[in-house]
Amino acid sequence: MTTTTYMAAVHLLSICVLIFSLHITPSLAVGEDVHLIEFKESLKDSSALDSTWIKGTNPCDRRKAWQGIDCSDTEYKAVSAILLMNLGLSGVSENLDIDALRNLQSLRFLSLENNSFSGPMPEFNRLSSLKSLFLSGNQFSGEIPPGFFEPMGSLKKLHLARNKFSGRIPDSLGKLNNIMEILLQNNEFSGPVPVFEQKTLQTIDLSYNKLQGEIPQSMSRFPAKAFEGNPDICGSVISKDCNHPEANTNASSPGDKANEANESGSMTKWVILAVVVAVLLVTILFKAKKKDENFTVLGKENLDEVVQVHVPSTNRRSMSSSSSRRGGNYNDSGSRSSKRGSQAGKSTNDLVVINEEKGVFGLPDLMKAAAEVLGSGGLGSAYKAVMANGVTVVVKRMRDMNKLNKDAFETEIRKLGRIRHRNILPPLAYHYRKEEKLLVTEFIPKGSLLFLLHGDRGIAHAELNWPTRLKIIKGVARGMGFLHTEFANYELPHGNLKSSNILLSPNYEPLLTDYALYSLISNTHSVQALFAYKCPEAVLYQQLSPKSDVYCLGIVILEIMTGKFPTQYLNNQKGGTDVVQWVRQAISEGRVAELIDPEIANTTSSLEQMEKMLHIGATCTESDHEKRIEMREAIRNIEEVQV
Ligand SMILES: *[C@@H]1O[C@H](CO)[C@@H](O)[C@H](O)[C@H]1NC(C)=O
Ligand SMILES: *[C@@H]1O[C@H](CO)[C@@H](O)[C@H](O)[C@H]1NC(C)=O
Ligand SMILES: *[C@@H]1O[C@H](CO)[C@@H](O)[C@H](O)[C@H]1NC(C)=O
Ligand SMILES: *[C@@H]1O[C@H](CO)[C@@H](O)[C@H](O)[C@H]1NC(C)=O
Ligand SMILES: *[C@@H]1O[C@H](CO)[C@@H](O)[C@H](O)[C@H]1NC(C)=O
Ligand SMILES: CC(=O)N[C@H]1CO[C@H](CO)[C@@H](O)[C@@H]1O
């Protein structure tokens with residue numbers, strides 16, 4: 001009896017919810033044109049919008065899109081983005097109708113970049129759901145109140161560059177828990193360099209302001225470029241000693257604007273210099289460390305001294321057979337694994353071998369190995385280790401991989417490790433602890449495509465002729481095709497395709513690494529380090545799909561064909577060549593031949609095929625992801641290109 005009443009009540013309730021939601025949502029969408037027009041009318045010059053912002057029409061109508069308006073992809077579309085860049089708009093802060101914008105309940109992205117707005121900071125902090133606020137390149141001026149950003153807890157990206165803001169940088173920026181990017185360069189901010197300790201914060205630019213005093217220790221994690229052009233600040237990051245400011249003024253001049261003007265060449269040099277310095281530093285550190293500890297890199301982080309190798313029971317026999325096959329190379333790890341029983345409780349310290357093609361080894365083998373830092377990327381740092389058994393591996397220490405629990409993580413990694421494809425390099429082993437995950441892969445001596453293309457041009461380049469480049473592109477495409485079949489239901493079957501993740505076998509067969517990691521990364525800024533996050537739909541709307549991989553493939557194609565270092569690989573977009581823009585423009589002006597890397601352009605008999613490949617790269621990097629071709633189609637087109 002009571003159950004039926006209860007059921008009836010639930011039923012009634014759900015009907016109410018249904019009716020309510022059916023009823024309320026469309027009515028919101030209907031009014032949005034009115035609110036947008038109200039906002040438009042509060043501008044001084046909005047003529048650029050006159051032809052498309054028409055009252056009574058639907059701003060979300062794809063066929064008659066309103067300039068700069070984007071809508072959420074839900075069933076009842078609602079305005080999610082107002083992106084009014086470079087439109088010659090003007091207006092005065094006090095007059096802007098913020099209330100009209102407050103009525104747009106799905107609004108998350110607002111950009112008025114590169115227009116002529118003026119006056120103090122408008123009350124955009126009343127739009128508390130905003131994720132991105134882009135006001136760079138206007139005439140906004142005056143102080144921003146210290147607590148201004150307090151209500152904007154969702155804010156991820158704030159761009160205020162190239163305005164005339166002055167006074168202290170608001171403290172409330174330091175309390176935004178989701179912030180990833182703060183660009184304040186080329187303003188007149190004064191006072192001390194603020195302390196922003198949020199782990200989410202990836203990019204900050206305070207350059208060309210009037211900041212004073214010492215750069216706080218915690219801000220030293222950002223590169224010197226972030227601080228340049230502030231004559232009165234000092235600190236080790238910018239190599240300016242706070243005690244002897246005079247003596248060092250000349251030393252900081254390499255960061256000056258004049259020098260910065262030169263593009264990719266000098267940029268690459270800086271990158272290489274920075275890497276060399278980092279490697280040297282770390283090497284010195286390790287050498288010093290070695291005196292009291294035999295472990296190098298890995299040993300540092302409190303791994304227990306004795307760690308046994310976990311050999312899955314089904315594999316025990318194959319391990320001993322593999323050691324005899326390999327001439328007793330695995331004696332060491334074998335003896336250790338025999339201790340397994342006595343230490344079963346410490347299984348968290350295992351290194352789990354998932355692919356025995358390179359033998360079975362354990363953490364001690366890794367820790368005893370001579371380690372060498374290869375570099376540190378967005379997802380973590382990588383070390384090269386030559387083990388006693390002669391196998392050289394790359395150990396990647398992965399950050400922020402706590403999205404899945406241990407079992408799910410293991411299942412996922414095993415899935416990645418099972419892949420067998422000539423263009424994919426699967427992991428050999430992993431190590432899982434809550435605080436640390438290691439991923440071990442085979443070391444590939446030839447290195448990455450990035451290094452080959454942009455490293456020491458003299459050596460590698462002669463070999464990178466057109467047939468080789470075509471082979472690399474086709475191999476990459478086939479690897480991607482495989483991943484897109486294998487992980488067809490993943491949001492990002494690869495997610496991190498870029499030239500540094502394409503390794504080359506001795507005969508230039510490409511090998512993809514770092515694939516399909518998206519689902520493992522806990523939802524922090526780390527996930528943004530995946531290169532797929534550089535595709536336009538992710539930058540603007542945090543939207544990702546398998547087509548983001550197509551965009552990344554396009555960048556790689558353009559990089560290989562032009563030989564240029566893509567701007568897209570850099571976080572601050574300064575330096576390199578914006579290959580997408582450059583290629584698009586050259587194609588529209590019929591100058592495709594000029595794009596081809598001079599090193600291969602003299603293979604004149606193949607020019608037509610090379611141009612065909614450039615066109616494929618261009619269609620893959622189409623900025624509208626709905627118009628961008630599918631991976632399958634891209635691969636089909638690539639396969640059609642001949643030497
Ligand atoms: C705004 O102008 C600057 C400098 O002219 C330019 O670098 C930037 O790309 C422009 N922003 C947009 C969104 O077009
Ligand atoms: C920089 O160095 C040059 C000579 O190397 C010197 O003449 C000049 O005064 C120095 N400038 C400053 C600001 O110290
Ligand atoms: C460190 O290495 C030295 C020689 O290489 C060895 O004698 C010593 O026992 C090692 N110490 C540890 C803790 O393994
Ligand atoms: C390890 O190798 C040594 C000689 O190299 C041999 O005496 C010993 O029996 C081997 N241990 C195992 C467990 O195979
Ligand atoms: C093309 O030029 C490169 C260097 O500019 C040279 O190494 C290569 O041999 C040339 N190839 C042909 C076919 O002329
Ligand atoms: C390495 C590099 O790109 N150098 C260029 C710097 O700028 C000058 C003039 O703008 C060029 O002539 C150099 O080739």
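Just so it is clear, the model here is predicted, and its values are computed rather than measured.
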Point to revise | Residues Gln542, Tyr533; criterion side chain to side chain donor-acceptor pair (under 3.5 Å); working and verdict | key: CA-CA 8 Å; Gln542 256 86 44; Tyr533 268 84; over 6 Å; no

Exercise for review: Might you work through the side chain to side chain donor-acceptor pair (under 3.5 Å) test for Glu113 and Asn86, ending with a clear yes or no?
Suggested key: CA-CA 7 Å; Glu113 187 164 335; Asn86 307 303; over 6 Å; no

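For Arg221, the CZ atom is densely surrounded, since the number of other residues' heavy atoms within 6.0 Å is greater than 12. Within a 6.0 Å sphere centred on CD of Glu633, heavy atoms belonging to other residues, nucleotides or ligands number more than 12.
Leu497 and Phe531 get closest at one heavy-atom pair: O-CD2, 3.1 Å. Taking every heavy atom of both residues into account, Leu452 and Lys446 meet most closely at CD1-O, 3.5 Å. Shown here for Ser500 and Ser448, the closest heavy-atom pair between the two residues is O-CB, 3.6 Å. Of all non-hydrogen atoms in Cys620 and Val550, the two that sit nearest each other are CB-O, 3.5 Å. Heavy-atom minimum distance, Ala226 versus Phe222: CB-CB, 4.4 Å. Closest of all the heavy-atom pairs between Arg420 and Pro426 is NH1-CG, 3.9 Å.
Partner Tyr430 forms a side-chain hydrogen bond (donor to acceptor under 3.5 Å, both in side chains) with one of Glu412, Glu410, Arg414, Lys437 and no other, that one being Glu410.
Remark: the Tyr515 side chain and the Asn496 side chain contain no N/O donor-acceptor pair separated by less than 3.5 Å. Side-chain N/O atoms of Asn177 and Gln198 include no donor and acceptor closer than 3.5 Å. Side chains of Tyr569 and Glu559: a donor-acceptor N/O pair is present below 3.5 angstrom, by distance only. In this structure, a donor-acceptor pair under 3.5 Å is present between the side chains of Asp578 and Gln568. Gln585 and Glu589 share a side-chain donor-acceptor pair at under 3.5 Å. Residues Tyr551 and Glu537 have side chains that never bring a donor and an acceptor to within less than 3.5 angstrom of each other.
In this structure, the side chain of Arg628 engages the main chain of Lys547 through a donor-acceptor pair within 3.5 Å. Between the side chain of Asn465 and the main chain of Thr468, a donor-acceptor pair closer than 3.5 Å is present. Judged by distance alone, with hydrogens and angles left aside, the side-chain atoms of Ser132 form no donor-acceptor pair with the main-chain N or O of Lys157 at under 3.5 Å. Under a 3.5 Å cut-off, the side chain of Thr577 and the backbone N or O of Val579 do not form any donor-acceptor pair. One N or O on the side chain of Asp549 and one on the backbone of Gly495 form a donor-acceptor pair closer than 3.5 Å. Side-chain atoms of Arg397 do not come within 3.5 Å of backbone N or O of Leu438 as any donor-acceptor pair. Judged by distance alone, with hydrogens and angles left aside, the side-chain atoms of Thr200 form a donor-acceptor pair with the main-chain N or O of Ile179 at under 3.5 Å. Side chain of Tyr383 to backbone of Val393: no donor-acceptor contact under 3.5 angstrom is found. In terms of modelled atom types and a separation under 3.5 Å, the side chain of Asn423 and the main chain of Glu509 share no donor-acceptor contact.
Taken to the nearest 0.5 Å, the CD1 atom of Ile413 stands 11.5 Å off from the CZ atom of Arg418. Separation of atoms CD1 (Ile472) and CD1 (Ile560) is listed at 5.5 Å; rounding is to 0.5 Å. Considering CE of Met631 and CD1 of Ile638, their distance stands at 8.0 Å, rounded to 0.5 Å. Here the straight-line distance linking atom CG of Leu503 with atom OG1 of Thr513 works out to 5.0 Å at 0.5 Å rounding. Taking CD of Glu599 as the reference point, atom CD of Glu463 lies at 12.0 Å (rounded to 0.5 Å).
By the 30° and 60° cut-offs, the orientation of the rings of Phe482 relative to His421 is tilted. Between His454 and Phe565, the ring planes lie perpendicular to each other; the angle is over 60°, past the 30° to 60° tilted range.
Between Glu594 and Ile596, the closest side-chain pair of non-hydrogen atoms is not below 4.5 Å.
Taken as a pair, Cys71 and Cys60 meet the criterion of an SG-SG distance shorter than 2.5 angstrom.
Among residues two or more places apart in sequence or in another chain, the side chain to side chain contact (heavy atoms under 4.5 Å, CB included) test is passed with Thr392 by Lys384, Val386, Phe443.
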